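None of these values were measured; they are calculated from a predicted model.
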Amino acid sequence: MEQLLKDLQEMSALKYNEGLRKAEEIANKYTSAEEKAFIKEYMSKECNKIERDIQDIEDTIKKIKKRKAQIKEIGEIVPMKYIAQKYFGKSASWLYQRINGIPVRGKVYYLKDSEIKIFNSAIQDISKKLGSISIV
């Protein structure tokens with residue numbers, strides 16, 4: 001069973017056709033009832049992991065959509081370039097990439113919790129500044 005587990009783990013790490021070929025190899029090599037039951041249990045656990053990953057992705061997408069809607073109005077009032085440069089020391093495109101989940105060099109970046117705190121502090125700071133201004 002130890003070798004079967006190693007083969008299944010190797011298969012799980014492969015992508016697309018390579019994974020399918022490995023699955024076919026495993027199916028042909030391990031044919032006893034005990035081995036098939038082990039494979040079934042392993043694959044069931046893998047499916048559960050995939051379902052959790054899908055749920056995590058869906059939750060992340062919901063968060064991004066909610067944040068984008070919240071930030072849209074702020075962007076109409078205060079330029080994102082100002083917030084990006086003054087509070088993050090970054091470019092406006094950097095901030096937009098993280099707000100919108102745009103891939104950069106093949107990896108998707110989002111605002112981290114610490115960056116959301118900075119963003120919220122920035123909004124509060126800007127709010128105080130605007131609230132203290134009056135034309136005479």
Side-chain angles (χ1 to χ4, degrees):
M1 289 297 172
E2 193 175 311
Q3 184 58 45
L4 173 55
L5 178 59
K6 286 179 183 178
D7 286 343
L8 288 168
Q9 289 169 336
E10 181 184 329
M11 177 198 67
S12 294
L14 297 172
K15 295 184 182 227
Y16 313 116
N17 290 339
E18 293 173 355
L20 292 174
R21 275 191 231 95
K22 185 69 177 181
E24 210 172 305
E25 177 187 311
I26 289 169
N28 292 331
K29 182 177 178 181
Y30 300 100
T31 57
S32 74
E34 184 182 7
E35 291 167 336
K36 286 181 179 183
F38 187 86
I39 292 168
K40 185 177 179 180
E41 181 182 342
Y42 180 88
M43 295 307 292
S44 178
K45 288 177 184 178
E46 287 296 298
C47 287
N48 289 338
K49 285 180 195 174
I50 291 169
E51 287 175 358
R52 284 192 302 274
D53 289 347
I54 289 169
Q55 187 59 52
D56 289 346
I57 290 167
E58 289 173 349
D59 292 347
T60 300
I61 290 169
K62 285 178 188 175
K63 274 186 195 177
I64 290 169
K65 285 181 178 182
K66 185 177 180 181
R67 286 180 188 158
K68 283 173 69 173
Q70 292 172 323
I71 292 172
K72 182 181 179 197
E73 187 174 3
I74 295 165
E76 292 172 358
I77 299 168
V78 180
M80 288 292 124
K81 180 179 179 180
Y82 176 80
I83 294 173
Q85 290 177 339
K86 176 131 175 90
Y87 296 95
F88 291 97
K90 304 284 185 178
S91 67
S93 61
W94 175 90
L95 184 55
Y96 279 114
Q97 288 165 351
R98 274 140 184 87
I99 290 169
N100 295 308
I102 296 171
V104 179
R105 293 181 302 280
K107 185 174 179 192
V108 178
Y109 293 92
Y110 304 102
L111 286 173
K112 298 174 192 166
D113 289 341
S114 61
E115 293 166 336
I116 290 169
K117 287 179 184 177
I118 293 169
F119 195 93
N120 286 333
S121 294
I123 294 166
Q124 294 301 314
D125 187 47
I126 292 166
S127 170
K128 288 175 189 172
K129 288 177 182 178
L130 290 174
S132 68
I133 296 173
S134 61
I135 305 292
V136 289

Participant: Hydrophobic side-chain clustering at under 4.5 Å (ILVMFWY, transitive links): who's grouped with L14? Put none if nobody.
Facilitator: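 Answer for L14: none, a lone residue.
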
Participant: Kindly check if the number of other-residue, nucleotide or ligand heavy atoms within 6.0 Å of CG (D113) is above 12?
Facilitator: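 Open.
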
Participant: State, to 0.1 Å, how close E35 and L4 come at their nearest heavy-atom pair, and which atoms those are.
Facilitator: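 In this case the closest contact between E35 and L4 is O-CD2, 3.8 Å.
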
Participant: Closer than 4.0 angstrom, basic N to acidic O: yes or no for K86 and D125?
Facilitator: no

Participant: Applying side chain to side chain contact (heavy atoms under 4.5 Å, CB included), name anything that partners D59, two or more places apart in sequence or on another chain.
Facilitator: Q55

Participant: Counting neighbours of CD on E76 that are heavy atoms of other residues, nucleotides or ligands and sit closer than 6.0 Å, is the number greater than 12?
Facilitator: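 More than 12 within 6.0 Å, yes.
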
Participant: Quick check on the hydrophobic clustering: are Y109 and I57 connected, directly or via other members, by side-chain heavy-atom contacts under 4.5 Å?
Facilitator: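 In one cluster with Y109: I57, no.
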
Participant: How close do S12 and E46 get, counting heavy atoms only, and between which atoms?
Facilitator: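 Closest pair (atom of S12, atom of E46, distance): OG-OE1, 3.4 Å.
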
Participant: If I compare all heavy atoms of A84 with all of S91, which pair ends up nearest, and what's the gap?
Facilitator: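 Taking every non-hydrogen atom into account, CB-O, 3.3 Å.
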
Participant: What is the minimum heavy-atom distance between I99 and K68, and which atoms define it?
Facilitator: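 Taking every non-hydrogen atom into account, O-CG, 3.6 Å.
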
Participant: Looking at CD1 of I54 and CZ of R52, how far apart are the two atoms once the value is rounded to the nearest 0.5 Å?
Facilitator: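 That separation rounds to 11.5 Å.
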
Participant: Could you check whether the rings of Y87 and Y82 sit parallel, tilted or perpendicular, using 30° and 60° as the cut-offs?
Facilitator: perpendicular

Participant: Is it true that the side chains of Q3 and D7 contain a donor and an acceptor less than 3.5 Å apart?
Facilitator: yes

Participant: Just to verify, what does K40 make a side chain to side chain contact (heavy atoms under 4.5 Å, CB included) with, not counting sequence neighbours?
Facilitator: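 With neighbours one apart ignored, the set is empty.
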
Participant: Can you tell me how far the CD1 atom of I26 sits from the OG1 atom of T31, to the nearest 0.5 Å?
Facilitator: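 If I round to the nearest 0.5 Å, the distance is 13.0 Å.
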
Participant: Under the rule for side chain to side chain contact (heavy atoms under 4.5 Å, CB included), what residues qualify as partners of Q85, not counting sequence neighbours?
Facilitator: K81

Participant: Hey, is K45 close enough to E41 for a salt bridge, meaning N to O under 4.0 Å?
Facilitator: yes

Participant: Are the charged groups of E24 and R21 less than 4.0 angstrom apart, N to O?
Facilitator: no

Participant: Ignoring hydrogens, what is the shortest heavy-atom contact between G101 and V108? Give both atom names and the distance.
Facilitator: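 Minimum heavy-atom separation between G101 and V108: O-CG1, 3.2 Å.
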
Participant: Check the hydrophobic clustering (I, L, V, M, F, W, Y; side-chain heavy atoms under 4.5 Å; chains of links allowed) and say if I116 and I126 are grouped together.
Facilitator: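 Yes: a chain of side-chain contacts under 4.5 Å links I116 to I126.
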
Participant: Please round to the nearest 0.5 Å and tell me the distance separating atom OH of Y30 and atom CD1 of I39.
Facilitator: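 Separation between the atoms: 8.0 Å.
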
Participant: State the CD-CZ distance between E115 and R98, to the nearest 0.5 angstrom.
Facilitator: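 Between atom CD of E115 and atom CZ of R98 there are 6.5 Å.
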
Participant: With sequence neighbours excluded, tell me which residues meet side-chain hydrogen bond (donor to acceptor under 3.5 Å, both in side chains) with Y110.
Facilitator: none

Participant: Show, in sequence, the C-alpha distance, side-chain angles and deciding distance for W94 and V104, and conclude whether the side-chain contact (heavy atoms from CB on, under 4.5 Å) test is met.
Facilitator: CA-CA 10 Å; W94 175 90; V104 179; over 6 Å; no

Participant: Does NZ belonging to K112 count more than 12 external heavy atoms closer than 6.0 Å?
Facilitator: no

Participant: So, S127 side chain and I123 main chain: donor-acceptor pair closer than 3.5 Å or not?
Facilitator: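 No; zero donor-acceptor contacts below 3.5 Å.
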
Participant: Is there a path of hydrophobic side-chain contacts, each under 4.5 Å between heavy atoms, that joins Y96 and I61?
Facilitator: no

Participant: Within the structure provided, determine whether L8 and M11 are in side-chain contact (heavy-atom separation under 4.5 Å).
Facilitator: yes

Participant: I118, I74: one ILVMFWY side-chain cluster at the under-4.5 Å cut-off?
Facilitator: yes

Participant: For the CD1 atom of I83 and the CD1 atom of I71, what is their distance to the nearest 0.5 Å?
Facilitator: 8.5 Å

Participant: Mind running side-chain contact (heavy atoms from CB on, under 4.5 Å) on L111 and I64 for me, showing each step along the way?
Facilitator: CA-CA 9 Å; L111 286 173; I64 290 169; over 6 Å; no

Participant: I'd like to check the side chain to side chain contact (heavy atoms under 4.5 Å, CB included) partners of E34; sequence neighbours left out, ordered by chain and number.
Facilitator: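 Checked E34 against side chain to side chain contact (heavy atoms under 4.5 Å, CB included); matches are M1, S32.
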
